[in-house]
Number of protein chains: 2
Amino acid sequence: MPPRIKSEQDREKLRASILDAARTLFAERGIDAVSMREIAKKINYSATTLYHHFADKEALLQAVCDEDFLKLANGMHQVMLLPDLVARIQALGKGYAMFALQHPNHYRLMFMTPRAPCNPDITRIQQGNTEQDAYAQLKLVVRDAFEAGLFRPELSDSELIAQTIWAGIHGVCSLQIALGQEGWIQWVDIEARLQLMQSAMLQGILRHPATANNI
Amino acid sequence: MPPRIKSEQDREKLRASILDAARTLFAERGIDAVSMREIAKKINYSATTLYHHFADKEALLQAVCDEDFLKLANGMHQVMLLPDLVARIQALGKGYAMFALQHPNHYRLMFMTPRAPCNPDITRIQQGNTEQDAYAQLKLVVRDAFEAGLFRPELSDSELIAQTIWAGIHGVCSLQIALGQEGWIQWVDIEARLQLMQSAMLQGILRHPATANNI
DNA sequence: GGTGTTAAATTAACGACGTTAACTAATATA
DNA sequence: TATATTAGTTAACGTCGTTAATTTAACACC
């Protein structure tokens, strides 16, 4: 039997250890393959205890993802200091891809697993807040570049541009995570795939593509 | 109690109706949300009967996917008759995307789920066979276009180009499948996202991008 | 020190799941 | 007609997410 909790601080500590155990197991074996009982056993509690901290499995999963989203957005924030707008977009893509490839299992939970629409009652992330939401950061830079007239004149929607850039990087990363180990595809080096995706997309989107050559 | 089966033909008919019921339910509500009992009830059989035709749920799912992917590759095969190489690449991408968006749950299993990829022990698809494998078809067209000198001179690896095109389309589709219902992203129309991805990538890759404008 | 009160944790249970064993009834074959 | 095979069933096992009922420990107060 685990020790009783006394202070509010201890309660928070237990909550954090549940999150840690859940994240590890989810990342190791996938969401459906991990039971609430298993998570509880990992920290020497009974399964019911988890329900005193999270409404259900879905809420626990959402909390795990929230933490990862914040971690990702934090890393991106430094990139935003770069002066050149195109360089900023490139660095955002590179940083995003590095996060995805270095934390493939978290990335899978965050961006490759369909879930019930994000319920504002259970997520604590403030979507749209650039300090907590990596996509909001990309949107911001792309809008700045759009207003600076850096994109081709026929492109009239900066949100569409941001979503396309995101999709391109995500496509390379998620294919690598999902099928990178498959023997029947002769995968080219992942760095080369990322680089070609970046440069091809920028060449296709920028008004003066020359600026995209130096990566 | 359903009628007894007499001939081998009837047996095959039952197998097909199991596949149909499973496909419908999987596509409607997702794989994990559908039980074997439910599939069986839909065709007025007991759950056990399914196990006389498929080893387990995984095998049933794989059989459903096999059928659909053969259908995909078949549809692609007609596209290969188009005379213009660039138009062929564009049509391949469009067909691939339509398949992904119309069968999101099957697409998710084949291309978005690591560790449960196309298992050669249970799949009957022959990877690399252009009649059964859509990626092999893309590779073929891209190599033809490469040898025809359609790509930028600095691009020296046709497999890298094929993988990048695949990643771009896959990125749009898989983001839509995984996060398309998320309210916190103001998604632009999926058709527009696909079109920009196609045209931007082609503009970035082709030697004479003008050919990519007419979609 | 005893006595409630309350919060934290537990055990036990429910209904649904995938799957399997044991069984039944109908057909085919001899 | 007797027997073997086959297609289908029911019943059961162990696990799952989740909840109700219950126990246990720490604290406040007399």
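We name chains A, B, ... by the order of the sequence lines, and we start the count at 1 in each one.
Within 3.5 Å, a donor on the side chain of B:Thr48 pairs with an acceptor on the base of D:dT10, or the reverse.
For B:Arg88, the side chain to side chain donor-acceptor pair (under 3.5 Å) criterion is met by no residue, not counting sequence neighbours. Every residue meeting the side chain to side chain donor-acceptor pair (under 3.5 Å) condition with A:Glu159, not counting sequence neighbours, appears here in chain and number order: A:Tyr135. Here B:Asp133 pairs with nothing under the side chain to side chain donor-acceptor pair (under 3.5 Å) rule; sequence neighbours left out. Judged as a side chain to side chain donor-acceptor pair (under 3.5 Å), and not counting sequence neighbours, B:Tyr51 has no contacts. Take B:Ala167 and apply the side chain to side chain contact (heavy atoms under 4.5 Å, CB included) test, not counting sequence neighbours, and it matches A:Val172, A:Leu175, A:Met197. Here A:Phe146 pairs with A:Phe151, A:Ser158, A:Ile161 under the side chain to side chain contact (heavy atoms under 4.5 Å, CB included) rule; sequence neighbours left out.
As rounded to whole Å, 16 Å separates atom P of D:dT18 from atom NE2 of A:His53. The distance between atom CD1 of B:Ile43 and atom C1' of D:dT9, rounded to the nearest whole Å, is 14 Å.
Summarising the local packing, CE of B:Met80 is surrounded by more than 12 heavy atoms from other residues, nucleotides or ligands at distances under 6.0 Å.
Phosphate contact (OP1/OP2 of D:dT9, side-chain N/O of B:Thr49, threshold under 4.0 Å): present. Considering only side-chain N and O atoms, B:Tyr45 lies nowhere under 4.0 angstrom from the phosphate OP1 or OP2 of D:dT9.
From one end of the helix from C:dG1-D:dC30 to C:dA30-D:dT1 to the other, with five pairs defining each end axis, the axis direction shifts by 30° (rounded to 10°).
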Under 3.5 Å, which N/O atoms of the protein pair with N/O atoms of nucleotides 15-18 of chain C?
from   : atom 1 : to      : atom 2 : distance (Å)
C:dC17 : OP1    : B:Ser35 : OG     : 3.4
C:dG18 : OP1    : B:Val34 : O      : 3.4
C:dG18 : OP1    : B:Met36 : N      : 3.3
C:dG18 : OP1    : B:Lys57 : NZ     : 3.0
C:dG18 : OP2    : B:Met36 : N      : 2.7
C:dG18 : N7     : B:Arg37 : NH1    : 2.6
C:dG18 : O6     : B:Arg37 : NH2    : 2.9

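Listed by first then second residue, pairs satisfying salt bridge (charged side-chain N to carboxylate O under 4.0 Å, His left out) with a partner in residues 43-55 of chain B number zero, not counting sequence neighbours.
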